[in-house]
Amino acid sequence: MTTETVSPPSTRQRFRAALLKAWEPYRSVPLLGWLVAILVAVGLERLVGLPLAYLLGMSKVPALLGVVVVLSDPIRIPSVLIYILLIYVVPIGLVARFTAPLFNRIAAYLMRYPLLVTALVHLLLLYADLHLWASISDYRILVARLTMIAIIVTLSLNLVNGYMGEFSCSHPGFMALGAYTASVFTLVLFVNDNRFGEAIFPPSWGPYFFPVGLVLGGVVSAIGALLVAIPSFRTRGDYLAIISLAFMFVVKSLFENMEVVGGARGVANQPDYATLPIVFVWTVLSVWIMNNFVRSTMGKALNAVRDDELAATAMTVDTRKTKMVAFLFAAFWAGVAGGLFAHVLHYINPDTFGIRKLAEVLAMVYFGGLNSVTGSIVGAVSLNLISEALRPLEIYKWIIIPIMLILIMIYRPTGLVAFTEFEIEKLFLPKGETSKGAGHGTA
Amino acid sequence: MAFFLQNLVNALQWGSFYALIAIGYSMVYGVLFLFNFAHGDIFMVGAYIGFFVSTGLLALASTGVVALPEGVTLALVLVLTLIISMILNSFVGMLVERIGYRPLRNAPRASAAITGLMIGIILETGNLAILGPQRRLFPDLIPTQTITVAGVSITNKKMLIVGISILLTVALHQFVQRSKWGMAMRAMAYDYVVVPLMGIPVNTVALMTFGLGSALAAAGGILYGTAYPVLDPNMGILFGWKAFVAAILGGRGSILGAGVAGFLLGFIEIFVATIFPSTMRNLIAFSIIMIILTFRPHGFFGEPYSARLRL
Amino acid sequence: GPAAPATIKIGINAPITGDIPKVGEGTKFAAELWLEEIGGTINVGGKDYKVELVIEDNESKGESAAAVNTKLITQDEVLVIVGPQASKQAVPAGAVANDLETPMISPWSTNPATTKDRPWVFRTPFLDPFQGPVIANFVTDEFGFTKAGVLYDIASDYPKGLAEYFKQAWEELHGEGSVVAFESFTTGDTDFSAQLTKIMDAGAEFIFAPQYYNEVALIVKQAHELGFTGPIVGSDSWGSAETVNLCGEDCYGLFFSTHYAAEGATGATKEFIDKYNAKYGYVPDDVAALTWDSLNIVKTAIENCGKLTGDIKADRKCVRDAMANIKEFHGITGDMTFTEEGDPIKCAVIVRISEEGKFTFYKQVCP
Amino acid sequence: MALLEVRNMTHWFGGLRAVHNYNLTIEKGQIRGLIGPNGAGKTTIFNLITGVYHPTEGTILLEGEDITHLEPNEIASRGLGRTFQNMRLWRYLTVLEHVKMARYSKLTYGLVGAFFGTAKREAEEKANTELAMELLDLVGAAQFADQLVTSLPYGIQRRVELARALATEPKVLFLDEPTAGMNPEELIQMMEIIRKVHDQIGMAIFLIEHRMKFVMELCETIQTLNFGEVIAEGTPEEIRNNPVVIEAYLGKEVEV
Amino acid sequence: MLLTIENLRVSYGNIKALHGISFQVDEGEIVCIIGANGAGKSTTLRAISRLIPVEPGSKITFDGKNLLDYPADKVVAELGISHVPEGRRLFENLTVMENLRLAAFARKDTAGIARDMERVFSIFPRLKERINQKAGTLSGGEQQMLAVGRALVSARRVMLLDEPSMGLAPLLMMDVFKALKDINKEGTTILLVEQNARMALQFAQRGYVLETGNLVLEGKSEDLLNNPDVKKAYLGG
Ligand SMILES: Nc1ncnc2c1ncn2[C@@H]1O[C@H](COP(=O)(O)OP(=O)(O)OP(=O)(O)O)[C@@H](O)[C@H]1O
Ligand SMILES: Nc1ncnc2c1ncn2[C@@H]1O[C@H](COP(=O)(O)OP(=O)(O)OP(=O)(O)O)[C@@H](O)[C@H]1O
Ligand SMILES: [Mg+2]
Ligand SMILES: [Mg+2]
């Protein structure tokens, strides 16, 4: 018995229809086509970006699609728009549209190979896009790395808050556990540092063992998660919310009191292991694994537990185990993300992992969309970019972002793109009428 | 012994604030079943409103419009400030309900929680943007008189604060348990869709819940201002989260429970700081809470319930 | 761009929102005042360069400060960065500046880690290891006390560091255990009754509280309410007009060590204070004074560099070298020389809060 | 040995004795009914047997094994499937996913499979999809497989619930008012479906109903419950004419 | 006419539930609406008690007043129309007594309330035994009793009943309908929605048949009971 709003006004519908019509030709562009088109655009930017920027009266290639420039220097708006149009929109549009048949054929051809091959081809292209785009400036690289880490955190929190329908507040704590563990791991073993002394192994080994440190961080935070999970999953209700909140305070306070890791001053000097490709690989891995999980019956059991726990148990679902697994799993990834985060910033302190981080991560989850892998990516990327872009607004940034979020919540209460996962197989399919048969034949 | 008693007195005062804010949380959480993460900031707004009202009143008094003895003027200002601020702040709470929560009645509970969180951030930043970065000094409405009994120093402020807090807790508890409005609030927590079928105006009930909670927050803010007279825009954040913990520790829907848990949190914090290195305050206090909840998952006065985030 | 007139961009990395917005404001105001003061230009090798300030908010967060530095360096292509203020942000931001080879000077960060092993990072204030003994010596000489109580914020770099250096210095003077109570709290706490009760119970003759202005007011008032009658001594973080605004009469007669005393200041210091006061309506904090000095150090370095090539990398290197080579600098917060690490050696001032609530000069203590 | 045996089961809710000294034996393939006035304790008996509550006294044996203190999911995976009086479906799962979910305890691919999508997982999921489609076909809901349940008509939802319970491979199927909210037409359809399912799979069925037409036509024997105690047990004919049952439950002018 | 519905149209998002139905209920009548699952019966009742918005062009008149001017709570409190919703919708966290007291929320006449409560307890003695039990722990049938009880206490002019027989034991069902008849005799108009069409038609004076959002038949109960189409579709042949 819910009260739904009446159908939207017709002007909006007409606008939508026009938009859809303009979009029509692009429906038949496969993912491959888009990736190549973007590659062309970022390649173009490398070649002529700077001269074009000079020509338009800017001293630099606009970072983050020019939003930063626009806000700090509104006279530049036309220049930025022209730049974006010439470098991104037009090339991508043209290439995507006119190469669509070609790439549909290639995509269909790729379908003959195992999924892994197709996936690798796409990932390589995606990374090439990212690399070319970001390496124009260190600022872009930093933002790209932080954004990808945010994707891991957001997705892992979505497992708990979206898929499992609990309200967990402990993610900053898990990140802290991962960040500290990974930092101590690399600093003790591979870095000559005045806190932990001489490196035990040759520093050049560090990058190769970095994954071990990250996994270790993930494991430690999963163990921490056990402390939260055992009491909270004994009964139903909002206990997780409160116990996890307490846990977050406990972790923060614990590190503040641990002199070995610098107490409130934190730990610095983490080596630069979390480079763009490394973060990219971990992000892809985490998205792939979490996406796999939520699409399996084991993962769907989370939804069953959320929607009706009693029914789930009556249908043989081991609800306690299901919740535990998902929660520890989510904590693991938050820990990994924390480890990466520490190595991107080269500095962490307990204060980084407090209430504010919590508000940020929660915002990303709910902005992007509950119960949704795509949504988590959308949420993490958009909020990170928006918050970087709005920096020139100083104080008003923290009025505008919350207002935006409230509006999203009011008009789309479950977030922008809720309840969607990738079907990896379908993602790579060729598009449009030419390919219908091909897709089904191989899927 | 004196040392212990002194800490007991300190803890009572500190707990009062947690209690007052926890009650407000409990109103909305226990009653409407929503996390109102803006509540800590509503407390902050209450304190600021109290600041402006009381400075205004003091300025008025100093013009000599009414010539009363110093003590009487201050007492009058305190009472007026309490009343006016509670009313004004209840409007703030109702506004929050209207903007942030009413449109989300049909949404998942967690979404409303996020709106609350965001409204909280807006209140903090808005305060900073409008009033600038300097802290405000809350006027001294209760000239401190310290009584020392057996080595324990007790101030008139402390007694007043503790007294008012207990009074408000009990009064609100009675209201929610006994009055029909209170009953309507509890009903709404369960199923607001059919509430109008009983002839109950849903929106009024929701507004009232937020209004009452916010009025209490204002009282908390003003008392807080008299005890810790430095106001800053972020003062509500940590307070709010901790009071939220207390609200649940008290048991869902139990106003009394929230009050008791608020005081308890105060005790734990003060005594942890007394016995252990005080840096371990949060560490130990929250560990204790985790342990309590492990063995008493429904809090002190709560009943088992199985409702969960509606998605 | 190449067509634009030659400008020098100076990045300001300030906490405009977040925990310490007043610090951000002071930074911003001082920087703007400074820009006015120099007429918007710096003369390098006979050529006038227009100066442009790029002020960015680091939200009082470490990672954000690092991001701000990265942006300032790679996106805005600033020549040099002034800030961040608090050590919490200056430590991570310093790493970025050092890695990207851009000179940075923090006006306020007193944590040794900020500049340690970072040839590109400098600072203007004296360090905690210096200030600790200054206060210990002062109290010993002035009052002849032997039992100290300390109350500090453990979650904040500055108070924690300073409290520890003080403790070390005090115990060197009066022996093991002479700090009878070493009590802490966490940022955001407002009730210190438990700690104060403990300190009093331990028999401390005075309390050292290296805290920020907002906490100072609460600590002093609560101590008085609990019946503490001894002096409460502070550090440079007390040096804000807000301290007296918030604390009122409770703070009159108390002492703290700092960079400069506003009341009774003379010469350039007084000039700065008056200008600031005239423009913004209040007496500048030490942050503002230190920011002012930092900017002037930057200016001196740029001038000493002698010539700007337009190649930003080379110019940054030139400025850094010039900065490292400044041996003597006469600032409004005192005269300073720089060590290897990029830290200044300078004198501290003991200030007494007068019965009118003014910061009056009491004595100077030099290393 | 009986398939399912309940011995001297008693249950108290605080001070309320909801079930008293209840006994039951069900053999393979039987269809048995449980009727009684509202609040007699029927649903409670279901909940006790399926582990939602644990009885204050008494034992429950499934194929001779004591299952009294097992958790609901363990009991369900040993072969007691059920539906609920007020249909408990999952709001955000599709019909197909509902049925597949009931295969949870039969999955063997483990966490490795869930995380990394092994070949074993693909095979198992595929097999379960096929099985689920068969069951949906059996209850006549196959064409709704990809829809969310909330958008479906009530009658279809009941069928989905039935298919879901069947997917647990029950040895005994517990149906709590399977026709509540259905019109006579649909009631007859439901009856046919249950007959069909019973013929094909051959499990035992234990059902609660207030619709006498349904109970009388389907069940071999019927228990009548009042105030938590069995007041009559027998064939439909015996029950229909039992004065105690008429007095307590059916009333004089029964409409069948 | 007490209640006149004209061209009532309702949709849930894009799903059109009612396509413009019109019917009337006279003072003191018992009228029933029958129809298959999903026909829109419950939707009709929800529209009358203003729980869901209606589309423009719909008209509902009650006692000469435009009912659409009243929000849901005023429909109960001022117009005296009560509604026993589908699926009972009790406040399961409150006790039986609290549920009943809440139902009297908008009433001021203490004596009247007490009388009505007594009446509820005399019709459903079982409720009296359970007076301090939480509604959520009542059995299905007990919950249904409480739902009807609440409506009896909240308003007495018109009662909208949505499948009151669902989940009731045969004997109790008789009791409930008898009680409803009594209530009707005392002047309460009843609009009933039922799956159990035979029972409903035996109980009501007039009936309407709703099919996928349209009214397809109307008439005296006896006529409908004997109508072959109705017999085939709704009375089980
Ligand atoms: N959790 C509980 N706590 C307290 N009492 C309960 C609880 N669950 C059920 N009861 C009581 O136990 C009795 C039996 O309830 P049960 O639900 O088994 O009835 P039922 O026979 O299924 O009735 P119906 O046909 O109306 O569904 C009822 O009086 C009910 O109020
Ligand atoms: N909240 C809702 N959201 C979307 N559609 C709904 C909603 N409620 C009802 N409907 C749809 O509106 C139509 C009419 O539903 P309604 O509940 O009025 O039917 P009904 O005649 O009462 O059926 P039943 O006998 O099952 O109670 C149905 O197609 C139903 O699916
Ligand atoms: Mg039942
Ligand atoms: Mg209906």
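In the text below, chain A, chain B and the rest are named by the order of the sequence lines, each starting its count at 1.
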Undergrad: To the nearest 0.5 angstrom, please state how far the CG atom of A:Asn303 sits from the CE atom of D:Met101.
TA: 7.0 Å
Undergrad: I need the D:Phe84 CZ to A:Leu310 CG distance, nearest 0.5 Å.
TA: 4.5 Å
Undergrad: Determine, step by step, whether A:Thr319 and D:Asn73 satisfy the side-chain contact (heavy atoms from CB on, under 4.5 Å) criterion, reporting the C-alpha distance in whole Å, the side-chain angles of both residues, the deciding distance to 0.1 Å, and the verdict.
TA: CA-CA 8 Å; A:Thr319 55; D:Asn73 57 313; over 6 Å; no
Undergrad: Show the nearest heavy-atom pair for residues A:Ala314 and D:Ala76, with the distance to one decimal.
TA: O-CB, 3.2 Å
Undergrad: Do D:Leu107 and A:Met298 come within less than 4.5 Å of each other through their side chains, counting heavy atoms only?
TA: yes
Undergrad: Name the option with the most non-hydrogen atom pairs under 4.5 Å to chain D; the candidates are A:Ala311, A:Ala301, A:Ala312.
TA: A:Ala311
Undergrad: Taking atom CG of A:Asp307 and atom NE2 of D:His98, what is their separation to the nearest 0.5 Å?
TA: 7.5 Å
Undergrad: Where the side chain of D:Ser105 meets the backbone of A:Thr316, is there a donor-acceptor pair that is under 3.5 Å apart?
TA: no
Undergrad: If I take atom OG1 from residue A:Thr297 and atom OH from residue D:Tyr104, how far apart are they, to the nearest 0.5 angstrom?
TA: 10.0 Å
Undergrad: Where on A:Arg320 is there a heavy atom nearer than 4.5 Å to chain D: the side chain, the backbone, both, or neither?
TA: neither
Undergrad: Using 0.5 Å steps for rounding, measure from the CE atom of A:Met315 to the CZ atom of D:Arg103.
TA: 13.0 Å
Undergrad: Pick from A:Val325, A:Thr313, A:Thr322: which one has the most heavy-atom pairs with chain D under 4.5 Å?
TA: A:Thr313
Undergrad: Would you please classify the geometry between the D:Phe115 ring and the A:Phe329 ring as parallel, tilted or perpendicular, with 30° and 60° separating the classes?
TA: parallel
Undergrad: So which part of D:Phe116 gets closer than 4.5 Å to some heavy atom of chain A, the side chain, the backbone, both or neither?
TA: both
Undergrad: Less than 4.5 Å to any heavy atom of chain A: does that hold for the side chain of D:Arg121, its backbone, both, or neither?
TA: side chain
Undergrad: If you count every heavy atom of other residues, nucleotides or ligands that lies below 6.0 Å from A:Tyr113 atom OH, does the total exceed 12?
TA: no
Undergrad: Out of curiosity, A:Glu309 CD to D:Arg88 CZ, how far, rounded to the nearest 0.5 Å?
TA: 10.5 Å
Undergrad: Is it the backbone or the side chain of D:Thr50 that comes under 4.5 Å from a heavy atom of chain A, or both, or neither?
TA: neither
Undergrad: Is a side-chain donor or acceptor of D:Trp90 paired with a backbone partner of A:Ala304 at a separation under 3.5 angstrom?
TA: yes
Undergrad: I'd like to know whether A:Lys300 forms a side-chain contact (heavy atoms from CB on, under 4.5 Å) with D:Leu93, so could you lay out the CA-CA distance, the side-chain angles of the two residues, the decisive distance to 0.1 Å, and finally the verdict.
TA: CA-CA 8 Å; A:Lys300 291 264 183 230; D:Leu93 292 188; 3.9 Å; yes
